[in-house]
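First comes the structure, then the notes that go with it.
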Amino acid sequence: MGASEIRELLKLLERPEIISFAGGIPDPDFFPTAAIARAYEKIFQSNGGAGGGAGSALQYSISEGFTPLREWICAYMGRRGIQVGLDGVLVTSGSQQALEFVGKLLIGPGEKILVTRPTYLGALQAFSPYEPQYLSVPGDAEGPDLAAVEAALEQKPKFFYLVPDFQNPNGTTISLARREALLDLCAKHGVPIVEDAAYTELRYEGEAIPSMVELDAARNGGKITNVLFCGSFSKTMVPALRVGWINGPAEVINRLVLMKQAGDLHTSTINQIVLHDVVSQTFDSHIRRLRAGYKERRDAMLTALDEFAPAGVTWTKPEGGMFVWIELPEGTDGVDLLARAIKEANVAFVPGSAFHADRSGKNTLRLSFSNNNPERIREGIRRLCGLLQTVAA
């Protein structure tokens, strides 16, 4: 186990002079605080009933999760054509816990798992305590390289971990054709897919692409067969309630419920009740607000990079999510650059090597645009690019 570079960098947010593009965290200005306050108030105005009075909200609950919230999740997935019953839903303490449970269930020491290069640092942290051997596959603008994927699948990994939409860290989205091909290959080799959908709702342009679990269900009469789907309310509502979920075949979810019972018994009852109240009333309208706000910030970052970035520096142009991925000239070390950026420019980011299982990608950086207003983004990019002038020269 190792410390998260991102968790450490979040400490920089306490220093007002630092413009931080490090943490991929939502802006508190976009939190539905009024709806959350009303939900808590309703709970404490009532002291009974299974629907969420103070008595039940402050009590132990079942490990599977608050039933009305699980019913909402079933309906949410149903809008995508996925037939999932209550026995196919486990509410977790954020989707991070879902990833940790998947690692505990499926990975033994020395067994292989398949990831993209780069991939989400939190997933590596969740899986690494179970001592896997990582098979990392490169990709392009359409998604993971299919030849590399097939070669890796022949080594019989336990699963393939994917962030198909606006991937953390590089903001890329897997095309529909590539998703279908990946499903074909994984089915052929008997390898399940673990789909991390933390950013799927945060699309700012272009047409929405069916998720891996949607495509899987469409092939199997609406039933989930070869995909475990990890959802989260942290990016779409608020992180602090720590509510996520995992969908999968009932026999898999049953095993994960046992881990939940042994781990923390259940996710906070009152937080689940509050979240259910909020999403039931405001989910769609709140998502529209987020999309408008974050699109403005993404555009500000891309515009500033176009204006200030020196030759030899390239970057992704995500259609959604929270991240832009920077590639610097070969030989540049992002860790060394971070130290200089903090000291000389009062700017922070995450070095790209943190998102590589083999710690390669030293000449890459992840920038998050979600937690700064457009003016602050422009100033931060101007400062960072001023420093990059000395690197790319």
Side-chain angles (χ1 to χ4, degrees), residues 1 4 6 24 61-67 69-70 72-74 76-77 80 82 84-107 113-116 119-130 132 158-168 191-201 211-214 216-217 224-269 271-272 275-276 279:
M1 300 179 72
S4 165
I6 298 171
S61 184
I62 60 175
S63 297
E64 289 85 347
F66 182 55
T67 299
L69 178 60
R70 289 159 63 219
W72 186 92
I73 291 169
C74 289
Y76 172 79
M77 300 301 285
R80 303 173 171 206
I82 303 163
V84 56
L86 289 179
D87 59 355
V89 184
L90 171 63
V91 175
T92 56
S93 296
S95 63
Q96 185 69 22
Q97 186 179 59
L99 295 177
E100 200 274 336
F101 285 172
V102 168
K104 183 181 291 186
L105 178 65
L106 297 178
I107 302 171
I113 60 173
L114 182 55
V115 298
T116 57
T119 192
Y120 170 47
L121 169 59
L124 297 177
Q125 286 188 295
F127 303 148
S128 289
Y130 304 105
K158 299 305 293 286
F159 59 84
F160 188 2
Y161 170 75
L162 286 172
V163 188
D165 296 302
F166 326 120
Q167 188 198 37
N168 181 359
V191 175
I193 291 171
V194 177
E195 178 175 18
D196 188 338
Y199 306 94
T200 299
E201 291 286 356
S211 62
M212 303 297 290
V213 75
E214 287 178 73
D216 174 65
I224 300 174
T225 301
N226 201 40
V227 176
L228 295 175
F229 179 87
C230 300
S232 175
F233 293 106
S234 292
K235 303 302 188 294
T236 55
M237 290 292 152
V238 293
L241 293 180
R242 303 311 302 134
V243 180
W245 79 90
I246 184 167
N247 295 122
E251 53 268 40
V252 177
I253 298 299
N254 287 341
R255 301 289 183 92
L256 299 178
V257 169
L258 298 179
M259 295 179 184
K260 183 73 174 172
Q261 291 172 353
D264 61 0
L265 300 182
H266 61 83
T267 297
S268 165
T269 309
N271 288 358
Q272 291 185 73
L275 187 63
H276 174 254
V279 297

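Basis for what follows: all heavy atoms, side chains included, without hydrogens, waters or symmetry-related copies.
- Checked against side chain to side chain donor-acceptor pair (under 3.5 Å), Arg80 has the following partners two or more places apart in sequence or in another chain: Tyr76.
- Interatomic distance, Thr116 OG1 to Gln167 CD, rounded to the nearest 0.5 Å: 4.0 Å.
- Inter-residue side-chain proximity for Cys230 and Val194 is flagged as met; some heavy-atom pair is nearer than 4.5 Å.
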Show the numbers, then the answer: is there a side-chain contact (heavy atoms from CB on, under 4.5 Å) between Leu86 and Glu64? CA-CA 9 Å; Leu86 289 179; Glu64 289 85 347; over 6 Å; no
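- Atom CG of residue Leu228 and atom CD1 of residue Ile246 lie 5.0 Å apart, to the nearest 0.5 angstrom.
- Listed by chain and residue number, His266, Thr269 satisfy the side chain to side chain contact (heavy atoms under 4.5 Å, CB included) test with Ser61 (two or more places apart in sequence, or in another chain).
- Using a distance-only test at 3.5 Å, with no hydrogens or angles considered, a donor-acceptor pair links the side chain of Asn226 to the main chain of Val191.
- Here the CG-CG distance, from Leu114 to Leu162, works out to 7.5 Å after rounding to the nearest 0.5 Å.
- Heavy-atom minimum distance, Asn247 versus Ile224: CB-CD1, 3.8 Å.
- Shown here for Phe66 and Gln272, the closest heavy-atom pair between the two residues is N-OE1, 2.7 Å.
- For the residue pair Gln96 and Ala126, the shortest heavy atom distance occurs at NE2-CB, 3.8 Å.
- Applying the side chain to side chain contact (heavy atoms under 4.5 Å, CB included) test to Ala123 and every residue at least two apart in sequence or in another chain returns Leu99, Tyr120, Phe127, Tyr161.
- Residues satisfying the side chain to side chain donor-acceptor pair (under 3.5 Å) criterion with Asp264, sequence neighbours excluded, are Ser93, Gln97, Lys260.
- Remark: Ile113 CD1 to Phe160 CZ distance equals 11.0 Å, nearest 0.5 Å.
- Using a distance-only test at 3.5 Å, with no hydrogens or angles considered, a donor-acceptor pair links the side chain of Asp216 to the main chain of Thr225.
- Partners of Leu258 under the side chain to side chain contact (heavy atoms under 4.5 Å, CB included) rule, at least two apart in sequence or in another chain, are Gln261.
- Considering every non-hydrogen atom in both Thr267 and Val243, the closest pair reads CG2-CG2, 4.2 Å.
- Ile73 is not listed as a side-chain neighbour of Val84, based on a closest heavy-atom distance of 4.5 Å or more.
- Take Phe233 and apply the ring-ring contact (aromatic ring centres under 6.0 Å, His included) test, not counting sequence neighbours, and it matches Trp72, Trp245.
- Between the Ser95 side chain and the Ala98 main chain, no donor and acceptor come within less than 3.5 Å of each other.
- Across Asp87 and Arg70, no two heavy atoms sit closer than the pair N-NH2, 4.5 Å.
- Qualifying side chain to side chain donor-acceptor pair (under 3.5 Å) partners for Thr200, counting only residues two or more places apart in sequence or in other chains: Asp165.
- Closest approach of Pro164 and Glu195 over heavy atoms only: CG-OE2, 3.6 Å.
- Residues satisfying the side chain to side chain contact (heavy atoms under 4.5 Å, CB included) criterion with Leu105, sequence neighbours excluded, are Val252, Arg255, Leu256, Met259.
- Not a single side chain to side chain donor-acceptor pair (under 3.5 Å) links Lys104 to another residue, sequence neighbours left out.
- With hydrogens and angles ignored, the 3.5 Å screen pairs a side-chain donor or acceptor of Lys158 with a backbone N or O of Leu106.
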